[in-house]
Amino acid sequence: MLQIQDQSLRPLATAHLAQTMALLCLSNMELRDRIQAELAANPALELVEERVCPNCHRPLSNGSPCHTCAQRREETEAVVFLSPRTAGARGLESDGSPIEREPVAPLDLAAHVLEQLAADLEPEERPLAAYILASLDDDGFLREPSATIAQATRSTLTGVGRVLQLIARADPPGLGTAGPREALLAQLDLVPMQDGRVSIARRMLRETFGELGRREYARIAQKLDVNLRHVREAAAFIRTNLNPYPARAYWGSGRQPQTPDPIIYHTPDIQVSFHPSSDDKTLMVEIFSPLAGWLRVNPLFRQALPDASPDHAEDWNQQLDRASLFVKCLQQRNNTMRRLMEILVSGQRQFILQGDRFLHPLTRARVATEIGVHESTVSRAVSHKSIGLPDGRIIPLARFFDRSLSVRDRIKEIVDTESRPLTDDEIVSVLGDEGIQVARRTVAKYRAMEGILPARLRHGRRERASPRR
DNA sequence: CTATGGCACGGATT
DNA sequence: AATCCGTGCCATAG
């Protein structure tokens, strides 16, 4: 008897493991879809929408985290818990990073561009150019199809095309294009140095624009059959050197501090913030749940089981097993995520609070031994997850394991504060003085990753302070 | 001649 | 086993 039970349990155990692994590498959004699919397919599974704390299952009055769970363990520096708040899709540009619309007065912009084009425009093209510039929206895009414009201004289609080309190449580059993608492409054509990074960037914009917006670099690398590192470099290049909304560009003295991440599609899977208790030393880490509510095996289904007709009994049993397995796997996933985050936030506290420079070197293998799981488990737990930091930034969880981030951050600062463009070799020695030993070639790579142009091309950029001359 | 990017290699990481 | 990362070497642009 026992033998039989044992044998029937063994495949269950491996199934358990396999499914836990499969669930572990899903992001919150993916997990939500997965759960919904399971709910639809399996009547034995039930979603209880009652608001309870996912940690202790005590009822919650409002939507806030369970305070008994969030507040216990006063002495620790971080509290990690599963949050009853759900992470769903969010509006394109709602909270988080307020996008300040800096409405460049359309007239000024138009005048500025017209001035530049004066030399290249045939006299009879001037009204056409003016018409186009006046039709741009706040972002600098042209919503009207060329044909309509040609009709309205009594010009030819080719004429419109020619003027559009000129406008797109004028000072805020990318004006008059159909959208962010086209604007970026137009700007890309103007980059002085056409190297591999630029051509990858171009392909990324052309073929995998959606993935780029979602930061799915791995998928892009796969689709384009390019090294992942090159994809990252190209993405960084786009981010720092191009502007998806041409009319919002400041070509003034102040860099563009508000451009970094205008495209945020999701809430993070995890959010770390300051604990609301009086001292602000304690961090609070919420692991968002994918759905509002919690899953369990439907008790009614279980009760009904003995009454099942013989031909259904088999099916029902199977569904029941499947449902309880699924619930267990989810619990396991939660457990692993919680332990992982405990290690991460306590080990990388400085990084979270003070920025990239303070990321300590950390490997997945070390974390794995620390929490006593296989390293591939850690790998899965970390992948495809994003985490929101107290300062509002949303970064991939995998960045906690980026070995070169702190050095790259330092290089960025060196370049930002340099009085004259420093060569890579000079940067090497500056870093050396600070005790950071890296090869010249490595500095070049990091520079590329950050989208920083080489010293020679860093000269007089961004000095167009005012449109007037 | 100098600064920099491409390629490729070996060791570490996943 | 596959992939990533730091580096050295070499070609090339300026």
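Here the structure is a predicted model, which means the values were calculated and not measured. Residue numbers start from 1 in every chain, and the chains themselves are labelled A, B, ... in the order their sequence lines are given, proteins ahead of strands.
Nearest heavy atom pair, residue A/V378 against residue A/L340, reads CG1-CD1, 4.1 Å. The minimum heavy-atom distance linking A/L164 with A/G176 is given by the pair CD2-O, 3.6 Å.
Ion pairing between A/R357 and A/D409 holds under the 4.0 Å rule for side-chain N and carboxylate O. Using a 4.0 Å cut-off between charged nitrogen and carboxylate oxygen, A/E434 and A/R410 count as a salt-bridge pair. Checked for salt-bridge contact, A/R339 and A/E342 miss the test: no charged N lies under 4.0 Å from a carboxylate O.
The salt bridge (Lys or Arg N to Asp or Glu O under 4.0 Å) search around A/E38 returns A/R34, A/R322, not counting sequence neighbours. Remark: A/V297 pairs with A/R302, A/L320, A/A323, A/S324 by the side-chain contact (heavy atoms from CB on, under 4.5 Å) rule, at least two apart or across chains. For A/D33, there are no salt bridge (Lys or Arg N to Asp or Glu O under 4.0 Å) partners at least two apart in sequence or on another chain.
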Please write out each protein N/O paired with an N/O of nucleotides 12-14 of chain B under 3.5 Å, distance rounded to 0.1 Å.
{"unit_1": "B/dT14", "atom_1": "OP1", "unit_2": "A/R364", "atom_2": "NH1", "d": "2.9"}
{"unit_1": "B/dT14", "atom_1": "OP2", "unit_2": "A/R364", "atom_2": "N", "d": "3.3"}
{"unit_1": "B/dT14", "atom_1": "O3'", "unit_2": "A/S379", "atom_2": "OG", "d": "2.7"}

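For A/Q437, the CD atom is loosely surrounded, since the number of other residues' heavy atoms within 6.0 Å does not exceed 12.
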Readout for nucleotides 1-8 of chain B: B = base within 4.0 Å of protein heavy atom, S = sugar-phosphate only, - = neither; 5' to 3' it is ---BBBB-

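Test A/V443, A/D402, A/L359 against A/R408 for side-chain contact (heavy atoms from CB on, under 4.5 Å) and you get one pass: A/D402.
Positionally, the nearest nucleotide of DNA chain C for A/L228 lies more toward the 5' end than for the other of A/L228 and A/A439.
Taking every nucleotide of DNA chain C with any atom under 4.0 Å from a non-hydrogen atom of chain A, the first and last of them, 5' to 3', are C/dC4 to C/dG14.
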